[in-house]
2 protein chains.
Amino acid sequence: MPEILDPQSPRLPRPALPGLDGVSPQIRQAILASGQSARLEGGQVLFRQDDPARRCYLVRRGRLKLVKLHEQGKEAVFRYIGPGEITAAVAVFKEKAYPLTAVAIGDTEVAGWDRGTIMALLRQHPDLALHLLQVVVERLDEVQTRYLELSAEQVQQRLARALLRIMKHSGRRTAEGILIDFPLSRQELADYTGTTLFTVSRTLSAWEKNGWVASGRERITITDPHALVKFSETGETD
Amino acid sequence: MPEILDPQSPRLPRPALPGLDGVSPQIRQAILASGQSARLEGGQVLFRQDDPARRCYLVRRGRLKLVKLHEQGKEAVFRYIGPGEITAAVAVFKEKAYPLTAVAIGDTEVAGWDRGTIMALLRQHPDLALHLLQVVVERLDEVQTRYLELSAEQVQQRLARALLRIMKHSGRRTAEGILIDFPLSRQELADYTGTTLFTVSRTLSAWEKNGWVASGRERITITDPHALVKFSETGETD
DNA sequence: CGACGCATTGACAGGGCTCAATTTAAGTGG
DNA sequence: CCACTTAAATTGAGCCCTGTCAATGCGTCG
């Protein structure tokens, strides 16, 4: 799996919150040290939905895709998470299964803690529990927002929102515009927006003509974010 | 607003979790006593999305509808909550707005706590914080599940799931079958499933012919839950 | 260079939305 | 208790967005 990005180009500034922010640096170090790390290669599954949730993870390098699979082969992508972000907070509770499946995108390294360790950490550091609650609330909010969009907006508008959301989270400024940080196929975008790869392809082609985006194989650059924002808010082509 | 239900008929047994379960009865009493109560009549708004989140609430009597409104008039219904259930956990954090709007269905009574009080309670009772985290995780799970269904399934299947979900939460056994506890119009069901009142009406008419449901004005009884479950899982009419 | 996987484009059809016209039922006032 | 009002529900007709399927093009890698 190739690195598609120029490491020189700067990441976009993004609002801090994920991971272990909210505790002091030395405590963070101690926590990180207590985790067990694991390496994954592209496509490998870290945890699977409906399996009993035993461990909670933090991404150290690379990227995870969090999806939910449906019986008849479809899947919904919920998030792409990168270094510093945590997932599988459910592991805090016994008797619950993972709600999502986590798949590595390219080579990825994670740190993991089992339930006992997490509980101990949460009891030792009350700030951590509050921070975790905040992270979960944040995600609930995002899913609810996307649910509303899915039920109220047409495909193209949702696709615009998806690109902007992924761009904010994983964008990297380049000469052309803002490049999405990792390989992202039409099919993946379709799974993210609840449509088909064909509709995504057609739409990107049209936007390429408008000069809003520039795209290639598993590679997308937003060249006119402003136009895309306007469209994502109104759904109108004017 | 009339009471549509016979108070004699038993509520379905439901898995406990919501509200203040998870703390001892006497503490629960103390907490309840510290809340400020308010009365609402049908249609009245308790809190509005995007308003700053100041208070967190527990339903004592009646019912709240939690929805998210979209610019162009559409709305998505996320939950109907009844006595004992809490909402607006976001109020725990400063600098965040309510993600949803809460509207009373019929006369309703709630208890509310402001941010300061909640924070104090959470610090006094660590169990409460963990329980709150559990409630939020539970809801995140449900929304993600519904998101997947919305993106992968057709209207009728989603409608079957919606009826069953609401039935489990707010069903009451009667001679005919299981009656939904509160006035529920075609439009509301449409907002719950992400469709239109027309499609809901047509579908319910068809199911009424099958003997799966019996329905009237803002009133729905599931007469053959088993058939509906089967359909909700396969989407097939066999 | 050949092969495999991703992307593009066209043709087609159907699920479900839109809109309009009625019908039904509940609530209200005399 | 009945006529009147109002809101919910039903039903039909038409069409459009978008999913489905098939054929082809293209970029990457072994």
Rounding to an integer number of Å, can you tell me how far B/Leu159 CG sits from C/dG15 C1'?
15 Å
Under 4.0 Å between any heavy atoms, over every strand shown, what does B/Leu204 touch: base, sugar-phosphate, or nothing? Just pick one.
nothing
Kindly say if B/Arg186 contacts the phosphate of D/dA8, meaning a side-chain N or O under 4.0 Å from OP1 or OP2.
no
Do A/Arg202 and D/dT20 share a donor-acceptor pair, side chain to base, under 3.5 Å?
yes
Just N and O in the side chain of B/Thr196: are any of them under 4.0 Å from OP1 or OP2 of C/dG16?
no
Counting side-chain heavy atoms from C-beta on, which of D/dG19, C/dG16, C/dA7 comes nearest to A/Thr195?
D/dG19
Give a yes or no on whether a salt bridge exists between A/Glu149 and A/Arg165, defined as a side-chain N under 4.0 angstrom from a carboxylate O.
yes
Spacing of B/Arg219 atom CZ relative to D/dA9 atom P, expressed in whole Å:
13 Å
Is B/Thr199 near enough to C/dG16 that one of its side-chain N or O atoms lies under 4.0 angstrom from OP1 or OP2?
no
In whole angstrom, give the distance that lies between atom CG of A/Leu184 and atom P of C/dG5.
19 Å
Does this structure show an ion pair linking A/Arg60 with A/Glu109, if we count only N-O contacts that are shorter than 4.0 Å?
no
Calculate the interatomic distance between B/Gln187 atom CD and C/dT18 atom C1'; express it in whole Å.
13 Å
Hey, is A/Glu236 close enough to A/Lys230 for a salt bridge, meaning N to O under 4.0 Å?
no
Between A/Glu233 and A/Arg161, is there a salt bridge with N-O shorter than 4.0 Å?
no
What integer distance in Å separates A/Gln156:CD from D/dG19:P?
11 Å
Can you see if the side chain of B/Ser185 gets near the phosphate of D/dA8 - specifically, an N or O under 4.0 Å from OP1 or OP2?
no
Nearest to the B/Ser201 side chain among D/dT10, C/dA7, C/dC17, which nucleotide is it?
D/dT10
So, OP1 or OP2 of C/dC6: does either fall under 4.0 Å of a side-chain N or O from A/Arg217?
no
Identify which nucleotide among D/dT18, D/dA9, C/dT18 has an atom closest to any side-chain atom of A/Gln154, counting heavy atoms from C-beta outward.
D/dT18
Rounded distance (Å) that lies between atom P of C/dC12 and atom CZ of A/Phe198:
17 Å
Basic-acidic side-chain contact under 4.0 Å: A/Glu142, A/Arg79:
yes
Between B/Leu197 (CG) and C/dG16 (P), how many Å, whole number?
15 Å
Phosphate oxygens OP1/OP2 of D/dT11: is one of them under 4.0 Å from a side-chain N or O of B/Ser205?
yes
Report the distance from atom CD of A/Glu218 to atom P of C/dC4, rounded to the nearest whole Å.
18 Å
Sugar-phosphate, base or nothing in reach of B/Ser215, heavy atoms under 4.0 Å:
nothing
